Structure formats: structure tokens, C-alpha cells
Protein chains: 2
Amino acid sequence: MTRQNTQNKILDAAERLFAERGFADTSLRLITSEADVNLASVNYHFGSKKALIKAVLARYLEQFMPKLSEELQKLLQAEQAPTLHQVFDSFVEPMLALNNFRSNGTNIFMQLLGRGYSDSQGHLRWFMTTQYGEVLQQITLAVKRANPALSASEFFWRMHFTLGTVVFTLASNEALRDIARVDFEEDIDVEGLVRRLVPFLAAGVGAPILPAFAMKEAL
Amino acid sequence: MTRQNTQNKILDAAERLFAERGFADTSLRLITSEADVNLASVNYHFGSKKALIKAVLARYLEQFMPKLSEELQKLLQAEQAPTLHQVFDSFVEPMLALNNFRSNGTNIFMQLLGRGYSDSQGHLRWFMTTQYGEVLQQITLAVKRANPALSASEFFWRMHFTLGTVVFTLASNEALRDIARVDFEEDIDVEGLVRRLVPFLAAGVGAPILPAFAMKEAL
DNA sequence: ACAAAATTCAAACAGGTGTTTCAAATCTAT
DNA sequence: ATAGATTTGAAACACCTGTTTGAATTTTGT
């Protein structure tokens, strides 16, 4: 029973520190001292720092991904094509549900997501392609149904623009909310932030295609 | 005359390596060995690694910012309000002009911009607020004229969504273009990428405001 | 209660970082 | 040409990193 205790103490401290400071800037010594365990125990229980990072991400993705998949399935099973707004909206509830899984969970997951992509590239990408490829395909399918006018290439770029908006916003959400709080006394919560993203992204992905590029495609 | 030579050798090697690997992952030993100068010379000529990073960024910003400011001024002086598309379009030419300043300059600057924001937060932000505050205000003014419906808070958030899209896309533009090249044999150049961002951002910033948030604002 | 397995612990390892030092070399003026 | 300032060079400094080691401890199954 001590095993679980130590492992979880490490995971809890690590996820908090990773979210606050990023993966690279969080040393094992800091994690283990905050978790009140021995330095060697992270290598003993997880093998390496990389494996610890994956374990931290996995704990959240296991909660988030099935719920997201379910939401997308609802849209895909409906007879009429979804709107882009609906597609992006289906991310919101699974995101907010993380607050039930762990206190402040939505916020931590958002920052982990941001870090996971921008820090040492690869960790998050690894999960997406190897573990959750089907969900990725559901997303693709839903967006394509919502906006069939997009060519393969335009779709690719706009999805990455979207990813960038999300990753950046999530990674720096606490800093941004701090600024907003002092600049115009608006105390926005995580939910408000997530919900504000939806119309922005839906409009961006649904934007008309420049004639110049449309022509290029036709060649 | 040897001074300039060494300093520039360092700057040239540093900007390339910073763009490729980020600031944190580029050691002074790597920079000085590629520049073929002594390790100590970067501390001698620039004082510290932080100061070197600032010097690298400054060289590009000095080229870019006045041109951007000029483009924005054109829009602001016109009688009728600009469109969002026009506002974001005014970034494109100054961006592309960097290829005349230095070979592959646009691409390097884009990656530096991305790194400068997501890496060790602060460097780029320092320039923006202390050195180029007026340009920042021009941007603000132009966007507000193009979309007066935005409240201060909605404006703030959408500008940061925009920043996120740009920073992320620029930082990973080489990787993304590589994927695009193999996935659907489309060899997009930097210009094509920058131009594709414009309609996405214009649509996002111009998206209708959710009734829920519009109500909140009215309180 | 005891033997065996699992876990914790303090310490050291091997390698990396930015920065400093101070003598040697080079350039710059008189 | 020579004295003085500037620049280069090799080495060391102080500190931090993830990982490994091997003995001490605790937990587990019988």
C-alpha cells in the first residue's frame, strides 16, 4: 500500500509543477522534495523523467479522451451535418468535467496540454498518434462534414492554426487571466475562457478561402 | 574591425541555432563552436546569454517594426475604417521583406518570434512593451476600428487567441511544412503560410459574440 | 516469527550549463 | 617602434541535471 502512496505523491506533485513551470524547468529534485519522497523513487517507480511525464499526461487523457469521443460520436451519428460551432463545442464539456476528477483539474490539464505541445515536442504528439488515433479521426471527420468546402491542404493548415490557438491560450491561461483581472477587472474563469475560444475557432476554420489559393488547388 | 567580425559571427550563428532549437536548448558552447570563436567571447561582447538573445531579436525587430508601423499608419489615416482582413494583411509585407535583409530572414524571424514567446517567457514581451509600445497601440486602434463591436474584454481575448495562432504556427512552421510536403505533396512556401493565416485570423476576430457573453458585458 | 521480496535512503556519478579568471596575443594610437 | 588598450584563449569555477548504486529498512507471504 506504500507503493501507491509514493507513486501518487509523485504524480500529484509532478502534475502541479509541470503545469506551473513546464517539463524542462521542473527538476526531479524539486518534484521529490515537494512530494516528500526520496529522489531515487521516481526512477524506481517510473523508470525515467520522460516516463513520468507520460504518466502524468496519461492520467488526464484517460479521463478526457473517452468523453470527447462520445460527444463527437453523437454529432457524427446525427443525420444532418454538424456546424463548426457544434464540433468545437463538443470539447467543452469533457474539458470542464476534469474539475470533478481532480480539484482545479481543468486548469491543470489545460496547462499540461499547452506545455506538452510547445515544450520538448513529442510527448503529447506520441499519445495522439499512437493511443488516440481514432479520436483524431473522429475530429477530422466532424470538421470535414461541418465544412466540406475545405480542400485537404486548407483543412490541414486550419486545423493547425486551431491547435496553435488552443495550445497557446491554454498554456498561458493563468497569466492571461491575471492580466485581464487587473486591466479591466474582469475575473474570468476557465469555463469562460474555453467557451470564448469556440466562436473564434469556428469562424476561423469556416472562413472563406482566398481566391488565390482556391485557384492553386484547381490546377 | 575584428570586434564587429566576432560579434557578427556570434549573432549569425546564434540566430540560426536559436531558430532551430530554441533559446534554452542552445548552449553557448554550441554557438561559439559553430561561430568559430572562443567561448568567453559571448560574455565579453554581450555580457550574458540573456543579452545575446535580446541582441538577436533586436536586429530583426529594428527591421520589421518600422515597416509594420508604416503600413498600419496608412490604414489609420484613411477616411473609412479598415477591414480586419486589411489590418492583418499589413503584417505580411514587412514580414516578407525580411528575406531581403537576410537570406531566409522571414523564416528565421518567424521561428525566433515563436520561440521568443513560448520559451522562457519575457524576452519578446519586454521588447513589445518597452521598445515598441506605440506600434502595439497602432495595432489596437486599427483592430478596434475594423471591429468596433468588440468590448474591451472580448478584444483582449481575441487578440491573444490571434497571438497564439501566429506564435504557434510560426514556431513550428518548418515542421508543419514538412508534414504538408509528404502528406499531400504540397510544397508551401513561407509566403503561402503567412497569407493563409490572414483570413483565418480576420474571421476569428470578427466572429459574432456569444449572447451569453454579450449579456455579461451589459451588466 | 521468519525468510524473501519490495521499497526507501544517502551518496556518488557522469555530464552538462553559464560565467569568471588571467595570461597571451593582437590591434591602435602616439 | 613602443606603450597602452582591446580582444582572444585555455582553463577552471560553481552549480545544476537525470541516473545509478548498494546498504538499510519496511512490507509481504508463509
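The shown structure was predicted, so the numbers you read here are calculated from the model rather than taken from an experiment. Residue numbering restarts at 1 for every chain, and letters A, B, ... go by the order of the sequence lines.
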Query raised in the report: Given the side-chain rings of A/Phe156 and A/His160, with only the six-membered ring counted for Trp, is the space between their centroids under 6.0 Å?
Result: yes
Query - Heavy-atom neighbours of B/Glu20 CD exceed 12 at 6.0 Å - result: yes
Query raised in the report: How long is the line joining CZ of B/Phe46 and P of D/dT8, in whole Å?
Result: 11 Å
Report task. Calculate the interatomic distance between B/Asn5 atom CG and D/dT7 atom P; express it in whole Å. Result -> 13 Å
Report summary line: Taken in chain and number order and not counting sequence neighbours, the residues that satisfy salt bridge (Lys or Arg N to Asp or Glu O under 4.0 Å) with A/Glu93 are A/Arg195
Requested in this report: Examine C/dT8: is either OP1 or OP2 under 4.0 Å from a nitrogen or oxygen in the side chain of A/Thr6? Give yes or no.
Outcome: yes
Requested in this report: Could you state the atom-to-atom distance from CG of B/Leu30 to C1' of C/dG18 in whole Å?
Outcome: 14 Å
Report task. Establish, with yes or no, whether the OP1 or OP2 oxygen of D/dT8 is under 4.0 angstrom from a side-chain nitrogen or oxygen of B/His45. Result -> yes
Report task. Could you state the atom-to-atom distance from CD1 of B/Ile31 to P of C/dG16 in whole Å? Result -> 17 Å
Report summary line: With sugar-phosphate taken as primed atoms, P, OP1 and OP2 and all else as base, the protein-contact string of nucleotides 11-25 of chain D at under 4.0 Å (heavy atoms; B, S, -) is -B----BBBBB----
Requested in this report: In plain terms, say whether B/Glu174 and B/Arg177 are close enough for a salt bridge, that is, a side-chain N and a carboxylate O under 4.0 Å apart.
Outcome: no
Query raised in the report: Can we say A/Lys67 and A/Glu70 salt-bridge, meaning some charged N sits less than 4.0 Å from an Asp/Glu carboxylate O?
Result: no
Query raised in the report: Using 30° and 60° as the class limits, which term best fits the ring planes of B/Tyr60 and B/Phe101: parallel, tilted or perpendicular?
Result: perpendicular
Report summary line: Rounded to whole Å, CG of B/Asp36 lies from P of D/dA10 at a distance of 11 Å
